[in-house]
2 protein chains.
Amino acid sequence: MQLDEAKEKFIASWGSLGSNWGVSRTMAQVHALLMISEEPMSAEDVMGALNISRGNTNMSIRSLIDWGLVEKLHKLGERKEFFQAEKDMWKVATRIARERRKRELAPIMSVLEQVKEVEVSDGNKQEAGKFLKQMNEIENFASRIDRMMAKLDQADERWFSSLLSKFMKR
Amino acid sequence: MQLDEAKEKFIASWGSLGSNWGVSRTMAQVHALLMISEEPMSAEDVMGALNISRGNTNMSIRSLIDWGLVEKLHKLGERKEFFQAEKDMWKVATRIARERRKRELAPIMSVLEQVKEVEVSDGNKQEAGKFLKQMNEIENFASRIDRMMAKLDQADERWFSSLLSKFMKR
DNA sequence: TAAAACTTTCATAAATAATTGAAAGTTCGA
DNA sequence: TCGAACTTTCAATTATTTATGAAAGTTTTA
């Protein structure tokens, strides 16, 4: 396989992976492109390399910056902005985990809170009881995951690695 | 809040959560409905409760069975099939992890394998070297996650809990 | 074996999400 | 302050994903 071909393949498949991870396909492709680029690239460069529109390029880069996966920088003597990706996989993973915690876990936890306010009367005592029990179980689990992700966000990779090796022992 | 209202709210929000998790919205709603139903339900029941078409009901239930989140059962003396959801959150989470490992991790690992076959010539030695280094890092990370998920799939909840508490200590 | 009861399929339709590109906005240097 | 260089916005379009429901298929019972 030629190098260019390999790069394209990686970009395409990172793109489809992304679409399963709450990162849109193009967004993930831009990230992939920047990950394998040796130099920071301008919006124009990205646009050309992936053959996408100016607007889409801008939106994708913007979201990647929001997610903390790409950073903007300025080259001396250049007017244009350049972008470079976070290449460290540990950081990439924790950034994604952080965003998803915010976007997904938070809303479900809030619904679980609300739903527990249900009125219990004589008539529905048993049914409501079972419902509440189920809701509590879910909330319990969700909040464990939530705390875990919050921790992960602060943690560093070495700590995680050592945990992982304990994890794999048994 | 009334009980019915609370149930609807839970179903709706479980649905939108699902759509972020590779489970389609309706599929997740059916799962939610079955989780809070005290009795197993028939396809007809589900169709009525969620106001969705016969075809969609069938497809959603079928996928849930594939994912291992719902099981089919027969009531004595009834011709119809009934369905009941896995209600234990630990099992729900491990089933989802198992499917996603299969659907997402596996393909990217295979691409990483392929891409490492890239031809290195004198001309692109340096560039190819950096590319390969990057691919190796990603593969390394991915395979750690992969092994972790494989382990999770076999593990039981108590073990996970004790790990989690170690995890939360530091 | 017929027909009723139930389940599955699949072409088409509807809903949702992503993309385009021209126009408007912004920033910077002279 | 002007205008060139660059960035952002957003209404309209295009692509992708889901849902529908009538028709075909299957199983069971009488």
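Please read all numbers here as calculations on a predicted model, not as lab measurements. Residue numbers start from 1 in every chain, and the chains themselves are labelled A, B, ... in the order their sequence lines are given, proteins ahead of strands.
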Trainee: Is the number of heavy atoms from other residues, nucleotides or ligands under 6.0 Å of B/Lys87 NZ greater than 12?
Mentor: yes
Trainee: Take the protein atom CZ of A/Arg62 and the nucleotide atom P of C/dT26, then report the distance between them rounded to whole Å.
Mentor: 14 Å
Trainee: From the set D/dT7, C/dT7, C/dT20, return the single nucleotide nearest to any side-chain atom of A/Glu81.
Mentor: D/dT7
Trainee: Quick one: does any side-chain atom of B/Thr57 pair with a main-chain N or O of B/Ser53 as donor and acceptor, under 3.5 Å?
Mentor: yes
Trainee: Considering residues, nucleotides and ligands other than B/Lys75, do more than 12 of their heavy atoms fall under 6.0 Å from its NZ?
Mentor: yes
Trainee: Is A/Arg95 salt-bridged to A/Glu99, cutoff N-O under 4.0 Å?
Mentor: no
Trainee: Should the pair A/Phe10 and B/Phe131 be assigned to parallel (<30°), tilted (30 to 60°) or perpendicular (>60°) ring geometry?
Mentor: perpendicular
Trainee: Atom CD1 of B/Ile52 and atom P of C/dA14: how far apart are they, to the nearest Å?
Mentor: 18 Å
Trainee: Whole-Å distance between C/dA17 C1' and A/Met27 CE?
Mentor: 14 Å
Trainee: With respect to the phosphate group of C/dT8, does any side-chain polar atom (N or O) of B/Asn58 fall under 4.0 Å of OP1 or OP2?
Mentor: yes
Trainee: Between B/Asn56 and A/Arg25, who's closer to the 5' end of DNA chain D by nearest nucleotide?
Mentor: A/Arg25
Trainee: Rounding to an integer number of Å, can you tell me how far A/Arg54 CZ sits from D/dT9 P?
Mentor: 15 Å
Trainee: To the nearest Å, how far apart are A/Phe82 CZ and D/dC6 C1'?
Mentor: 12 Å
Trainee: In whole angstrom, give the distance that lies between atom CE of A/Met47 and atom C1' of D/dT7.
Mentor: 12 Å
Trainee: Assuming nearest nucleotide by heavy-atom distance, tell me which of B/Thr57 and A/Arg79 is located more 5' along DNA chain D.
Mentor: A/Arg79
Trainee: Tell me which nucleotide among D/dT7, D/dA4, C/dT19 gets nearest to the side chain of A/Ser53.
Mentor: C/dT19
Trainee: Between atom CG in A/Leu64 and atom P in D/dT7, what is the gap in whole Å?
Mentor: 16 Å
Trainee: Taking atom C1' of C/dG21 as reference, at what distance in whole Å does atom CG of A/Asn51 sit?
Mentor: 14 Å
Trainee: Quick one: label A/Thr26 by what it contacts on the DNA or RNA (base, sugar-phosphate, nothing), any heavy atom closer than 4.0 Å.
Mentor: sugar-phosphate
